[in-house]
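A short write-up of the structure that comes next.
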Amino acid sequence: MKTAFALLTILSLLSTPKSKMGKTLQGEYYLHIHEMGSAFNFTKDGTFEFYFSYGAIDRTANGTYSIERDTLKLHSDKEPCKDFPITKQDKKGKGYTIKVSDPNTYLLKYIKCMYFVGDVEKEVRTDDQGMVHIDEPHCDKIYLQHELFPDVASLIKDTDNENTNFEVTLSPSLVNVSFKGIDFIIDGNSISCLPNYFMPYDNIRYTKE
């Protein structure tokens with residue numbers, strides 16, 4: 001009976017996909033692109049740490065990861081789409097107005113506002129004071145995304161929201177990366193991904209060292 005049970009166990013393990021057997025990475029993986037410093041540190045218990053440095057911009061991330069066949073999925077501790085908390089909203093004036101506030105006023109002029117009129121997407125950017133005005137009688141959706149610290153765009157107004165005046169702030173989590181929708185392909189001792197909202201570059205490859 002024990003022999004039969006052992007045989008069944010072995011057959012079960014052989015037929016189980018690698019992702020369900022808890023396949024893991026371990027070690028440090030570095031990006032080699034001129035003037036950029038970036039690396040992952042993966043542990044065999046399924047966690048990761050990440051840093052990215054380019055000029056005066058520093059980004060970090062922590063979280064867990066999973067592997068499905070040759071695809072690496074990162075599950076960052078950062079909650080995506082929450083970079084611009086709304087502090088006040090009401091219906092006032094013509095068109096739509098968004099005011100972004102932050103103690104570091106340097107960051108206020110690097111914010112992209114994407115809005116939809118029906119299926120048509122349009123863009124406008126904040127001025128030096130963090131102000132955006134959309135001269136449209138009606139917008140269906142409005143999103144914000146920081147250009148220096150890009151992540152998944154934050155929804156400010158959805159189709160059911162009739163407010164036209166919004167005040168928002170910058171979340172402290174802005175410097176972190178969510179990695180939402182960014183998957184890596186494992187190829188031997190390297191991992192790579194396609195150009196994306198965070199790293200819109202070709203040949204993004206991290207190599208184990």
Salt bridge check: are Lys78 and Asp83 linked by an N-O gap of less than 4.0 Å?
yes
Between Phe179 and Phe50, is the gap from one ring center to the other below 6.0 Å?
yes
Identify, with sequence neighbours excluded, every residue that meets salt bridge (charged side-chain N to carboxylate O under 4.0 Å, His left out) alongside Glu147.
Arg125
Cys139 versus Tyr96, closest heavy-atom pair with distance
N-OH, 3.0 Å
How about His138 and Glu162: does a side-chain donor come under 3.5 Å of a side-chain acceptor?
no
What's the verdict on side-chain contact (heavy atoms from CB on, under 4.5 Å) for Ser66 and Lys73, showing C-alpha distance, side-chain angles and the deciding distance?
CA-CA 5 Å; Ser66 59; Lys73 294 181 176 292; 3.7 Å; yes
Group every Ile, Leu, Val, Met, Phe, Trp and Tyr by side-chain heavy-atom contacts under 4.5 Å, then state whether Leu72 and Leu194 land in the same group.
no
Contact check, side chains of Glu121 and Phe116, non-hydrogen atoms, under 4.5 Å:
yes
Quick one: pull up CG in Asn176 and CZ in Phe52 and give me the separation to the nearest 0.5 Å.
14.0 Å
Can you check whether Pro200's main-chain N or O pairs, donor with acceptor, with Asn196's side chain at less than 3.5 Å?
no
Would you say Asp102's side chain and Thr169's backbone share a donor-acceptor pair under 3.5 angstrom?
no
For the NZ atom of Lys23 and the CZ atom of Arg69, what is their distance to the nearest 0.5 Å?
11.0 Å
Val168, Leu155: one ILVMFWY side-chain cluster at the under-4.5 Å cut-off?
no
Distance-minimising heavy-atom pair for Tyr115 and Ile142
CB-CG1, 4.0 Å
Look up atom CZ in Phe166 and atom OG1 in Thr97, then write down how far apart they are to the nearest 0.5 Å.
10.0 Å
Assert yes or no for the condition that the ring centre distance of Tyr65 to Phe48 is strictly below 6.0 Å.
no
Side chain to side chain, Cys193 and Phe184, heavy atoms closer than 4.5 Å
yes
If you apply the rule side-chain contact (heavy atoms from CB on, under 4.5 Å), what do you find for Val175 with Asp58, and how did you get there?
CA-CA 7 Å; Val175 299; Asp58 294 325; over 6 Å; no
Compare every heavy atom of Ser178 with every heavy atom of Ser76, then report the nearest pair and how far apart it is.
CB-O, 3.2 Å
Who are the ring-ring contact (aromatic ring centres under 6.0 Å, His included) partners of Phe84, not counting sequence neighbours?
none
Check whether the side chains of Thr71 and Asp183 place a donor and an acceptor atom closer than 3.5 Å, and report yes or no.
no
N-O pairing of Lys141 and Asp158 below 4.0 Å
no
Passing candidate, side-chain hydrogen bond (donor to acceptor under 3.5 Å, both in side chains) with Asn163, options Lys157, Gln89, Lys91:
Gln89
Do other residues, nucleotides or ligands put more than 12 heavy atoms under 6.0 Å from the CG atom of Asn104?
yes
Quick one: does Arg205's side chain have a donor or acceptor within less than 3.5 Å of a partner on Ser192's backbone?
no
Do Met36 and Tyr29 share a hydrophobic cluster (ILVMFWY, side-chain heavy atoms under 4.5 Å, transitive)?
yes
Any donor-acceptor pair under 3.5 Å from His146 side chain to Leu107 backbone:
yes
Does any donor atom in the side chain of Ser38 or Tyr206 lie under 3.5 Å from an acceptor atom in the other side chain?
yes
Sidechain-backbone polar pair: Ser53 side chain, Gly37 backbone, donor-acceptor under 3.5 Å
no
Could you tell me whether the side chain of Glu136 reaches within less than 4.5 Å of the side chain of Lys122, counting heavy atoms only?
yes
Tell me whether Tyr110 shares a hydrophobic cluster with Tyr54, the cluster being built from Ile, Leu, Val, Met, Phe, Trp, Tyr side chains joined at under 4.5 Å.
no
Give the minimum heavy-atom separation between Thr164 and Gly93, together with the two atoms involved.
OG1-O, 4.3 Å
In this structure, CD1 of Ile182 is separated from CG of Leu74 (nearest 0.5 Å) by 8.5 Å
If two hydrophobic side chains count as joined below 4.5 Å and joins carry through other members, does Leu148 share a cluster with Ile111?
yes
Rounded distance [0.5 Å steps], CD1 in Ile134 versus CD in Glu123
11.0 Å
For a 4.5 angstrom cut-off between non-hydrogen side-chain atoms, does Leu108 reach Thr126?
no
Under 3.5 Å: donor-acceptor pair, side chain of Asp187, backbone of Ser190
no
Could you check Arg59 against Phe149 for side-chain contact (heavy atoms from CB on, under 4.5 Å), going step by step and ending with a plain yes or no?
CA-CA 8 Å; Arg59 310 290 301 273; Phe149 299 92; 3.3 Å; yes
Would you find more than 12 non-hydrogen atoms of other residues, nucleotides or ligands less than 6.0 Å from Tyr197 atom OH?
yes
So which heavy atom on Asp151 is nearest to which on Gln145, and how close?
O-NE2, 2.7 Å
Smallest separation among heavy atoms of Gly27 and Lys208, with atom names:
CA-CE, 4.3 Å
Main-chain N/O of Ile86 paired to Glu167 side chain as donor or acceptor, under 3.5 Å:
no
So, do Ile98 and Leu144 sit near enough that their side-chain heavy atoms are less than 4.5 Å apart?
yes
When Ile, Leu, Val, Met, Phe, Trp and Tyr are grouped by side-chain heavy atoms lying under 4.5 Å apart, directly or through other members, which residues fall in the same group as Tyr30?
Tyr51
Tell me if the NZ atom of Lys112 is crowded by more than 12 foreign heavy atoms within 6.0 Å.
yes
Atom CG of Asp140 and atom CG of Asn161: how far apart are they, to the nearest 0.5 Å?
12.0 Å
Within the 3.5 Å criterion, strictly below it, is a donor on Thr207 or His32 matched to an acceptor on the partner's side chain?
no
